[in-house]
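Scroll down for the structure; my scribbles are underneath it.
Each chain gets a letter, A, B and so on, in the order the sequences are listed, and its residues count up from 1. Because the structure is predicted, anything quoted here is derived from the model rather than measured.
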There are 2 protein chains.
Amino acid sequence: MSDKQDQRPSNNLAEQVMARLSADIRGGRLAPGARLPTEQALTAELGVSRTVVREAVAALRADGLVVTRRGSGAYVADPAAGPFRIAASTDTTLDDILSVMELRRAVEVEAAALAAERASRRQVAAMRTAWRSIDAALKRGEGAVAEDFTFHRTIAEATGNDQFPRFLAYLGGHVIPRQSVRLSVDTPAERRAYLERIQHEHARIVSAISDGDVVEARRAMREHLTRSLERYRALAGGKNTHSGGSSHGRR
Amino acid sequence: MSDKQDQRPSNNLAEQVMARLSADIRGGRLAPGARLPTEQALTAELGVSRTVVREAVAALRADGLVVTRRGSGAYVADPAAGPFRIAASTDTTLDDILSVMELRRAVEVEAAALAAERASRRQVAAMRTAWRSIDAALKRGEGAVAEDFTFHRTIAEATGNDQFPRFLAYLGGHVIPRQSVRLSVDTPAERRAYLERIQHEHARIVSAISDGDVVEARRAMREHLTRSLERYRALAGGKNTHSGGSSHGRR
DNA sequence: TTTCTAAAGTTGTCTGACAACTTTTCTGAC
DNA sequence: GTCAGAAAAGTTGTCAGACAACTTTAGAAA
């Protein structure tokens, strides 16, 4: 339930066919391992040319939903495991961004802890270099969003687990671009104070990681990202205590 | 660096063309917003038919890497944000699974904390129901992997943040299937003892969430998943202290 | 300079054909 | 009756050509 698809008419026939087949697969009407109708059958059933059907199947194959075997047919992929993606359409609300930021916080807090356990001297040095880059950008009066992202990436890389930087990079594309909005609402003085506090938080994170202090690294990163979240939440109007929306009285 | 692609010859021309274009985009040779070569140009340059080129572009469009405008051309999508996916090819190593499990732990530990803050009475009841389903399955002598997954999903849903269950569902497809391996190496007695301990851990997690005890919920979930990780790590031969592989002496 | 029109360029769709490969069916020997 | 091999049918992969729908550019006219 609640898949939130882009359900526009899509003047593209191939996309319509793809949406149809994709729904059949995710809806369970086509079980994993089952064979799709032949291209000929689909052209007849849907009233489109084979070109369109083939492009639709190519798209499904790119999403990992089906595999094709020449001479045999197209089959639903085993774990029906399409890629993970975040809506990222035009109707992204502030609540959507908060949801993604919470997910990001979960990953980065743990990344800081793992980095404190595992970071090499060289990786810690990379963090300090990234920190100084932010400082330099701030002194130039810039927002330093790219430098900030690089800083967080160096921590993710220090986990020794490639999934962390990869996932962070993915999330970054969905959160970072809007940070300019956040910064633009303040006066220059407020903004400068804010950015300096951020840098101080960054420094504490690096210190903890450098010391191998897992607990403190986690705490510092959590505080850093939680403040970022709170700031966003305030922007949302303060009426939501969390991204869920609907209230539910417990206790 | 270190992208770890499936670089098999791939007897499918369209996939080769797609890989080529995909690399051009991710490698920055085609900047966001830039126009791709026309289909005609690609057919000439790559020596393939227009059918092949069109299928490749359709695949890229499905991945969100390009958008096409009829009569105008194909353009690199703005945030160049393809979907997040985990390798999941045939050559998945134990280290790969450990990497994913660490990412999962990061997300689920935070999910338990958020659930402790936000879960409604109904959602807590759903957790207890899922817990009893595991119990019933164990009494029937089953492995209860599906029930276990449902249990964890109820917690993710109780965060009120849709990203958590969605991401967990995605990761589940890459980790859960292999749990059968884990269970098959034990004697029935060992296995039973293990599963009962798991259930005890589950119960502590639910209690903490039900009490609204954020710290304890986090701790219980972390302990639960860390033990799972350690078990896997032992299987890997114990020679790796973490998934990174290469050693790097610090301190 | 501005505006309208025509032309060229580009993607979207259809049709037909053949190659490469897999699955099924048929045939013949035992 | 059973099995092995060959033939046939079925299916995806690739190529080629054509036209429709739409966009961009170039040119003509005011």
Validation row: [X], [Y] side chains within 4.5 angstrom (heavy atoms):
X      : Y      : result
A/M18  : A/D63  : yes
A/H224 : A/I198 : yes
B/V107 : A/V107 : yes

Listed by chain and number, what are the side-chain contact (heavy atoms from CB on, under 4.5 Å) partners of [X], not counting sequence neighbours?
X      : answer
A/S133 : A/E147
A/R105 : A/E102, A/V109, A/R222, A/L225, A/T226, A/L229, B/E110, B/L114
A/R153 : A/T150, A/E157
B/A158 : B/A115, B/A119, B/Q123, B/M127

What pairs with B/S72 under side chain to side chain donor-acceptor pair (under 3.5 Å), at least two apart in sequence or on another chain?
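In terms of side chain to side chain donor-acceptor pair (under 3.5 Å), with neighbours along the sequence ignored, B/S72 is linked to B/Y75.
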Holding to side chain to side chain donor-acceptor pair (under 3.5 Å), I want the full list of residues that pass it with A/T154, two or more places apart in sequence or in another chain.
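Side chain to side chain donor-acceptor pair (under 3.5 Å) list for A/T154, sorted by chain: empty.
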Taking only residues two or more places apart in sequence, or in another chain, which ones meet B/F167 in a ring pair (Phe, Tyr, Trp, His ring centres under 6.0 Å)?
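For B/F167, the residues satisfying ring pair (Phe, Tyr, Trp, His ring centres under 6.0 Å) (neighbours in sequence not counted) are A/F84, A/F167.
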With a 4.0 Å limit, can you tell me whether [X] has a side-chain N or O closer than that to the phosphate oxygens OP1/OP2 of [N]?
X     : N      : answer
A/R69 : C/dT22 : no
A/S72 : C/dT23 : yes
A/S49 : C/dC14 : yes

Tell me, which of residues 37-46 of chain A have any heavy atom that sits under 4.0 Å from an atom in DNA chain D?
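The answer is A/T38, A/E39.
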Which protein N or O atoms sit under 3.5 Å from an N or O of nucleotides 16-18 of chain C?
| from | atom 1 | to | atom 2 | distance (Å) |
| --- | --- | --- | --- | --- |
| C/dA17 | N6 | A/R50 | NH1 | 3.2 |

Start at the 5' end of DNA chain C and walk down; is the nucleotide closest to A/G71 or to A/V48 reached first?
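Residue closer to the 5' terminus by nearest nucleotide: A/V48.
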Most 5' of A/L36 and B/Y75 on DNA chain D, judged by nearest nucleotide
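The residue closer to the strand's 5' end, by nearest nucleotide, is A/L36.
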Terminal contacting nucleotides, 5' and 3', DNA chain D versus chain A (heavy atom, 4.0 Å)
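Listed 5' to 3', the contact boundaries are D/dG10 to D/dT14.
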What is the nucleic acid contact for B/T68, judged by heavy atoms within less than 4.0 Å: base, sugar-phosphate only, or nothing?
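Sugar-phosphate, backbone atoms only, no base.
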Pairs flagged by side-chain hydrogen bond (donor to acceptor under 3.5 Å, both in side chains) wherever residues 40-49 of chain A is involved - sequence neighbours left out:
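For residues 40-49 of chain A, and leaving out neighbouring residues, the side-chain hydrogen bond (donor to acceptor under 3.5 Å, both in side chains) pairs sorted by first residue read A/R20-A/E45.
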